[in-house]
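In what follows, a structure is listed as structure tokens, so that the remarks can point back to it.
Any value given below was found using the heavy atoms of this structure, including those in side chains, with hydrogens, waters and symmetry copies removed. Computed from a predicted model, the values in this text were never measured in an experiment. In the text below, chain A, chain B and the rest are named by the order of the sequence lines, each starting its count at 1.
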2 protein chains.
Amino acid sequence: MKRDSRLSGVLHILLHMARQPGPQTSETLARAMETNPVVVRRLMAGLRERGLVRSEKGHRGGWIIARELDRITLRDIYEALGEPEILAMGNRTEAPGCLVEQAVNAALGSAFDEAEALLLRRFGEVTLSQLSADVAAMMPGAAEAITLENAHEA
Amino acid sequence: MKRDSRLSGVLHILLHMARQPGPQTSETLARAMETNPVVVRRLMAGLRERGLVRSEKGHRGGWIIARELDRITLRDIYEALGEPEILAMGNRTEAPGCLVEQAVNAALGSAFDEAEALLLRRFGEVTLSQLSADVAAMMPGAAEAITLENAHEA
DNA sequence: GCTTCATGTAACTTTAAATGATACGTGAGT
DNA sequence: ACTCACGTATCATTTAAAGTTACATGAAGC
């Protein structure tokens, strides 16, 4: 399959949203991402169901973040996306009859599980507000503006 | 893409080889794996280049393991396969102009790198002889036979 | 030497999943 | 009513692994 960039993509969207006060349309967000509005809606659908964002139809509609940035972790977002596969590798057969393959599955499986667990743990430790601060720190000469913006988001 | 099961597959092949003294043909190995001989050769090609296995053509030809089992780690095998992608997830763009995306890449990237490093570390700690012993331990009532076999492999 | 066996590879097909695009329905403002 | 924007189904595109076919090469046995 293609490399999965949904988490990366939706984070990009959310951080753009965090830098603007009002609702933003899929159209606008899609342009910033150089993609299609439908892709944006698809990514956001899961987040809406989890209550992380809200959407409004019609004039002046669009997407807004519906929870404090410091109460949204990457793990929340990952789960809202439907917990996509983390590893590109896996066992050939899930429930093999062959004992050799069972041994291979057991050995690889535990290593795989550890790596997945580590990544999920890291995801749980990172909040959107931290990422937003990272972005602000990278903005040359815009420090005050960012601070003002963040004031009524957190 | 499909889930990558090359490491799982080639381990299965190697452990089957470890349980038989002489060379084994791609044909035989493919039957044990329920796949095609060409797939077996493709998997083994990289291992041959690294000197982990040898192949002989013609009558009584086939594949043999060319290094002591306790000197072959999963990491060696992973590298011989061409170091396939470990993570199914990745950043949307590698060198983005957008600062927001750069911040996302930095945050996700370090988490991704940690998980990959952990998995590779685990791979480096597991040898084929350990896996072979695991298989032996799972064989009911064949303990002596396995022990004899292992005697002239390690 | 000739045949057979087995690897070595190239080329093509199939499969699976994300991404991209089009079309149309629904509901909220104006 | 009309327009804006989301909601969603459907189809096309892309990417890479896995499976298949075909044929060349080289070694062993006769």
Ignoring hydrogens and angles, state whether a donor on the side chain of A/Thr73 or A/Asp76 is under 3.5 Å from an acceptor on the partner side chain. yes
Rounded distance in Å - CG (B/Leu43) to P (C/dG8): 13 Å
Closest approach to the side chain of A/Arg42, judged atom by atom: which nucleotide of C/dA23, C/dG8, C/dT19 is it? C/dT19
Interatomic distance, B/Leu29 CG vs C/dT7 C1' [rounded to whole Å]: 12 Å
Spacing between B/Arg31 atom CZ and D/dG19 atom C1', to the nearest angstrom: 17 Å
Nearest whole Å is fine: how far is C/dA16 P from A/Arg3 CZ? 22 Å
Rounded to the Å, how far apart are B/Ile64 CD1 and C/dA6 P? 15 Å
Mind listing the N/O atom pairs, protein and nucleotides 26-30 of chain D, below 3.5 Å?
{"residue": "D/dG26", "atom": "O4'", "partner": "B/Lys57", "partner atom": "NZ", "Å": "3.2"}
{"residue": "D/dG26", "atom": "N2", "partner": "B/Gly58", "partner atom": "N", "Å": "3.1"}

Of the nucleotides D/dA9, C/dG20, D/dG7, which one has an atom closest to the side chain of A/Asn36? C/dG20
Derivation and outcome, side-chain hydrogen bond (donor to acceptor under 3.5 Å, both in side chains), residues B/Ser26 and B/Trp63: CA-CA 7 Å; B/Ser26 309; B/Trp63 299 89; 3.0 Å; yes
Taking OP1 and OP2 of C/dG8, is either one under 4.0 Å from a side-chain nitrogen or oxygen of B/Ser55? yes
Rounding to a whole Å, what distance do you find between B/Met89:CE and C/dT19:P? 12 Å
Counting heavy atoms from C-beta on, name the nucleotide in C/dT7, D/dC6, C/dG8 closest to the side chain of B/Arg48. C/dG8
Distance check needed: C/dA18 P versus B/Leu87 CG, whole Å only. 15 Å
Step through the shown structure and confirm whether more than 12 heavy atoms of other residues, nucleotides or ligands are within 6.0 Å of CZ on B/Arg48. yes
Whether the A/Thr25 and A/Thr28 side chains hold a donor-acceptor pair (N or O, under 3.5 Å, no angle test) is what I'd like checked. yes
Under 4.0 Å between a side-chain N/O of A/Thr25 and OP1 or OP2 of D/dA5, yes or no? no
Check this one for me: any side-chain N or O of A/Arg6 less than 4.0 Å away from OP1 or OP2 of C/dA18? yes
d(CZ, B/Arg54; P, C/dT7) in whole Å: 15 Å
Listed nucleotide nearest any side-chain atom of A/Val38, set D/dG7, C/dG8, D/dA9: D/dA9
Step through the shown structure and confirm whether more than 12 heavy atoms of other residues, nucleotides or ligands are within 6.0 Å of CD on B/Glu56. no
Regarding the side chain of B/Ser26, the nearest nucleotide among D/dG7, C/dT9, C/dT7 is C/dT7
Upstream residue (5' side of DNA chain C) when A/Glu34 and A/Arg41 are each assigned their closest nucleotide: A/Glu34
Flag the pair B/His16 / A/Cys98 as yes when at least one side-chain heavy-atom distance between them is below 4.5 Å, and no otherwise. yes
May I ask you to decide if B/Leu74's main-chain N or O and B/Arg122's side chain share a donor-acceptor pair within less than 3.5 Å? no
